[in-house]
Amino acid sequence: MFKDSVPKYWRLRDVVYRLKYIYCRDCGKSSFPPRSKCPYCGSSNIDHRYSKGNGVVEEYTVMYQSEARYQDYQPIVFGVIRLDEGFRIVAPIVDVDPNSVEEGMRVEATLRRVRVDGSTGLIQYGIKFRPSRR
Amino acid sequence: MIQQPIVAGFGAVRIDRHFGMSSIDLAVESLKDLESRHTDIDLAPDTVIVSSMHPEIMQEQSGIAGVMADYLDLKGVRVYRVESGEASGLAAVNMAYTLIRSGLSRSTLVIGVEKVTEYPTSMITRAYSLIEDSDYKGFYGVTPAAEAALLAKIYMKRYGYSYQDLYKWPYLMHSTATTNPYAQLKFRLKDTSYEKSPIISDPLRLVDMFPYGDGAACIVVSDGSAVDKRDAVIAIAGVGASSDIVDPFVRSDPVFFDAVKNSFNQAVAMADVNRDQIKYIELHDSFTPYAYIAMESMGLVERGASVRSLSDDLTINGTYVNLSGGLKARGHPWGATGVYQVGEVFRALRGEEQYRSIDPIYAGLAQNMNGPGAQSYTTLLRRVD
């Protein structure tokens, strides 16, 4: 299989490093990832915004079987996180014992290593979430 | 004149880890099975459609339909490949229906084929995970199993079920697959087998996921000029296809699949059958929760009631489901699966082995989707009496 692409993740930098999302000026809903039209009402009358990275865990799972690029991080806690700006994202939760994660837990964004593409490929960083320190 | 598409024949190989066979070898074997099952068919397709999800990755082959037609010694035919992730198989069958119905083709051979086990499990998981939106969810390594686990927890919590309640599905799938000649997993589970089954993504265990296996299945869809007349003639009476927002957590309800509902309703509306004449359904159960959500999305039962409504004889409100063993135990070679499903409905309507214990069925359908209802396809078959 191919190695991770450098241009692809350079293109996605606003999304994977800054949580860029869209806000619909017609229906008032937010969504992630950004797209050209609101997925709820179809309007093109949208703003591109950046999240402050604070949210709440709505649901979570502890995953024990990942593909090769993520195996150093197993088990991985994935949370369905609702950001304060109103959109959801499925992302890893770190700095916490998997048994201590719970629904309703406040979390905040943190920049972490996400995956390593073998010994000669990219080392990718991105936004994960940790228990809120505020 | 508008033609009525007929399923003229079906053949397949048993799904397994076929280390000694390529995708072409598997396709050849499935065609041999079709020819041995339907000896009086004049197999002269003018069109070949190959459904396969990952031939580039797993077989390092693009243009697979042309290569396959060549190795099957079919020259001068139209060749197409249809790809719609895990739902490629039924998408291909629906395209064959369209070609016959339009009169463009008189006989179309649909081959669903997938080599899944060419690499170690972590590589297979990487390839399978490409059905996710790979720029975003794929970036974090969210696997389809992790997504299914999140949806299972939401479903269980909303409707008050325990993991042990959900375990009914894999238990019953394993039981019924033991007599299916095409099934990969032919062993029964015990009431407590889940306890020793490794957790893939909490709460789902290995028993809640389809097994990785290779397979090929084929059907001939014709305008009636090529058909096995020794037994019941089976027509494709209706098809449906619908898409949804790919990420279930962006949808208004993540544990109800609108694409499944819409494709099901389209196929039923198109067919000249009553809803209560549909007595057999092959549904897409790649992960345990998806079986229950699919049954509810098709309207077989009200939301949240499928777990308690499913009987041990695999009926739900009078409709049989997945007597084949489903994706869970018959197997799920990705792009081939929809063709296996149509084959099972075909066998059920003809009252073949595996289906002899149930009353004769007039109409049945297959439902095949990509991910948790991102796209869903339905193919409805009925007997021509």
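Computed from a predicted structure; not experimentally measured. Labels below follow one simple rule: chain letters A, B, ... track the order of the sequence lines, proteins then strands, and each chain is numbered from 1.
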Engineer: Is A:Q74 close to chain B through its backbone or its side chain, or both, or neither, when contacts mean heavy atoms under 4.5 Å?
Structural biologist: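 Neither part.
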Engineer: Chain B heavy atoms under 4.5 Å from A:Q71: which part of the residue, side chain, backbone, both or neither?
Structural biologist: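 Contact with chain B: side chain only.
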Engineer: Hey, which of A:G126, A:G79, A:A68 has the most heavy atom pairs under 4.5 Å with chain B?
Structural biologist: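 Among the listed options, the one with the most contacts to chain B is A:A68.
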Engineer: Atom CZ in A:R115, atom OH in B:Y140: separation rounded to 0.5 Å?
Structural biologist: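 The CZ atom of A:R115 sits 11.0 Å away from the OH atom of B:Y140.
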Engineer: Going by heavy atoms in the side chains, are B:V250 and A:Y40 under 4.5 Å from each other?
Structural biologist: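 Side chain of B:V250 against side chain of A:Y40, heavy atoms only: contact under 4.5 Å found.
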Engineer: Where on A:Y70 is there a heavy atom nearer than 4.5 Å to chain B: the side chain, the backbone, both, or neither?
Structural biologist: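 Contact with chain B: side chain only.
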Engineer: Using a cut-off of under 4.5 Å on heavy-atom pairs, state which of B:I199, B:T143, B:I154, B:V142 scores highest against chain A.
Structural biologist: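 Looking at each of B:I199, B:T143, B:I154, B:V142 in turn, B:V142 comes out on top.
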Engineer: How close do B:S122 and A:S66 get, heavy atom to heavy atom, and via which atoms?
Structural biologist: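 Distance-wise, the nearest heavy atoms are CB-O, 4.1 Å.
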Engineer: Atom CD1 of B:I200 and atom OH of A:Y64: how far apart are they, to the nearest 0.5 Å?
Structural biologist: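 Spacing of CD1 (B:I200) from OH (A:Y64) equals 12.5 Å.
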Engineer: Which answer fits B:A146, side chain, backbone, both or neither, if we ask what part of it has an atom under 4.5 Å from a heavy atom of chain A?
Structural biologist: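 It is both, since atoms from each part get that close.
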Engineer: Does any part of the side chain of A:V15, heavy atoms only, come nearer than 4.5 Å to the side chain of B:Y136, both counted from C-beta?
Structural biologist: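 Answer yes - side chains close enough.
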Engineer: Is A:R11 close to chain B through its backbone or its side chain, or both, or neither, when contacts mean heavy atoms under 4.5 Å?
Structural biologist: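 For A:R11, no heavy atom lies under 4.5 Å from chain B.
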Engineer: Should A:I81 and B:F249 count as side-chain neighbours, where that means a heavy-atom distance under 4.5 Å?
Structural biologist: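 A side-chain contact is absent here, since even the closest heavy-atom pair is not under 4.5 Å.
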Engineer: Please flag which part of B:K153 lies under 4.5 Å from any non-hydrogen atom of chain A: side chain, backbone, both or neither.
Structural biologist: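 Looking at B:K153, backbone and side chain both touch chain A.
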Engineer: Is the shortest side-chain heavy-atom distance between A:E67 and B:M123 below 4.5 Å?
Structural biologist: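 Side-chain contact under 4.5 Å: no.
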Engineer: Check each atom of A:Y9 against the heavy atoms of chain B and say whether the ones under 4.5 Å are side chain, backbone, both or neither.
Structural biologist: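 Side chain of A:Y9 only, per the 4.5 Å heavy-atom cut-off to chain B.
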Engineer: About how many Å separate CG of B:L204 and CE of A:M63, when rounded to the nearest 0.5 Å?
Structural biologist: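 One gets 12.5 Å once the value is rounded to the nearest 0.5 Å.
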Engineer: Who in residues 21-34 of chain A is close to chain B, using a strict under-4.5 Å heavy-atom cut-off?
Structural biologist: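 A:F32, A:P33 fall under the 4.5 Å cut-off.
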Engineer: Which region of B:I245, side chain (C-beta onward) or backbone (N, CA, C, O), has a non-hydrogen atom less than 4.5 Å from a non-hydrogen atom of chain A, or is it both or neither?
Structural biologist: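 Contact with chain A involves the side chain of B:I245 alone.
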Engineer: Name the option with the most non-hydrogen atom pairs under 4.5 Å to chain A; the candidates are B:K137, B:R251, B:K157, B:E60.
Structural biologist: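 Heavy-atom pair counts peak at B:K157.
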Engineer: Quick check on A:I127 against chain B: is it the side chain, the backbone, both or neither that has a heavy atom closer than 4.5 Å?
Structural biologist: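 A:I127 touches chain B through backbone and side-chain heavy atoms alike.
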Engineer: Could you tell me whether B:D135 and A:K8 have a side-chain N and a carboxylate O separated by less than 4.0 Å?
Structural biologist: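 Salt bridge flag = yes for A:K8 with B:D135.
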Engineer: Would the number of heavy atoms belonging to other residues, nucleotides or ligands and lying under 6.0 Å from NZ of A:K128 be above 12?
Structural biologist: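 More than 12 within 6.0 Å, yes.
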Engineer: Go through A:R88, A:E59, A:E58, A:R82 and name the one with the most non-hydrogen pairs under 4.5 angstrom from chain B.
Structural biologist: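 Most heavy-atom pairs under 4.5 Å with chain B: A:E59.
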Engineer: Determine yes or no for a side-chain-to-main-chain donor-acceptor pair under 3.5 angstrom, with A:T61 supplying the side chain and B:D202 the backbone.
Structural biologist: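 Flag set: sc A:T61 to bb B:D202 pair under 3.5 Å.
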Engineer: Would you say the side chain of B:S201 lies within less than 4.5 Å of the side chain of A:Q65, judging by non-hydrogen atoms?
Structural biologist: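 Not in contact.
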